[in-house]
Visitor: 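After the structure tokens below, expect a handful of questions from me.
What's counted below: heavy atoms across the whole structure, side chains too, no hydrogens, waters or symmetry copies.
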Amino acid sequence: MHEEPPAPARTTLPELPPPPPTGHSATTIERGSFCLARCTCGWSGPARRSRDRARTDAAEHLAAP
């Protein structure tokens, strides 16, 4: 009886961490009763009492060319 040679062992590459985000990444930060938007590029929006308005500032910054 003829036996097939064992298949070569498969090696898997370790999973690499995801690459750092490219472009801008904005978030909101609270300071006391105010909230402001900040971006990884260094941009900072005005302090707002409305969290929603600070989020809108961040979204507008991200959408700008």
Side-chain angles (χ1 to χ4, degrees):
M1 185 182 257
H2 179 47
E3 289 186 27
E4 293 290 322
R10 284 187 166 187
T11 57
T12 57
L13 297 175
E15 287 192 36
L16 299 174
T22 57
H24 298 261
S25 177
T27 185
T28 56
I29 298 171
E30 293 193 30
R31 289 201 175 159
S33 60
F34 292 91
C35 186
L36 58 123
R38 284 222 171 139
C39 182
T40 55
C41 73
W43 172 86
S44 180
R48 306 277 191 182
R49 288 196 181 268
S50 167
R51 288 182 186 97
D52 187 50
R53 183 60 186 141
R55 285 191 291 270
T56 301
D57 291 341
E60 288 173 355
H61 170 70
L62 293 175

Visitor: Might you point out which heavy atoms bring Ala54 and Ala37 nearest each other, and give the distance in Å?
Guide: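 Taking Ala54 first and Ala37 second, the nearest heavy atoms are O-CB, 3.5 Å.
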
Visitor: First locate atom CG of Leu62, then atom SG of Cys39, and finally report the distance between them rounded to the nearest 0.5 Å.
Guide: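 It is 6.0 Å, given to the nearest 0.5 Å.
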
Visitor: Parallel, tilted or perpendicular for His61 and His24, by the 30°/60° rule?
Guide: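 Correct class here is perpendicular.
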
Visitor: Which value, rounded to the nearest 0.5 Å, describes the distance between Arg55 atom CZ and Cys35 atom SG?
Guide: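 Rounded to the nearest 0.5 Å, the CZ-SG separation comes out at 7.0 Å.
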
Visitor: Report yes if some heavy atom in the side chain of Arg31 is under 4.5 Å from a heavy atom in the side chain of Leu36; otherwise report no.
Guide: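 Yes, their side chains come closer than 4.5 Å.
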
Visitor: Is Arg49 positioned over the aromatic face of Phe34, cation under 6.0 angstrom from the ring centre and no more than 45 degrees off axis?
Guide: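 Yes; both conditions hold, so Arg49 lies above the ring face of Phe34.
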
Visitor: Taking only residues two or more places apart in sequence, or in another chain, which ones meet Arg38 in a salt bridge (charged side-chain N to carboxylate O under 4.0 Å, His left out)?
Guide: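 Salt bridge (charged side-chain N to carboxylate O under 4.0 Å, His left out) list for Arg38, sorted by chain: empty.
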
Visitor: Is the backbone N or O of Ser25 less than 3.5 Å from a side-chain atom of Thr40, with the two atoms forming a donor-acceptor pair by type?
Guide: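 It does hold such a pair.
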
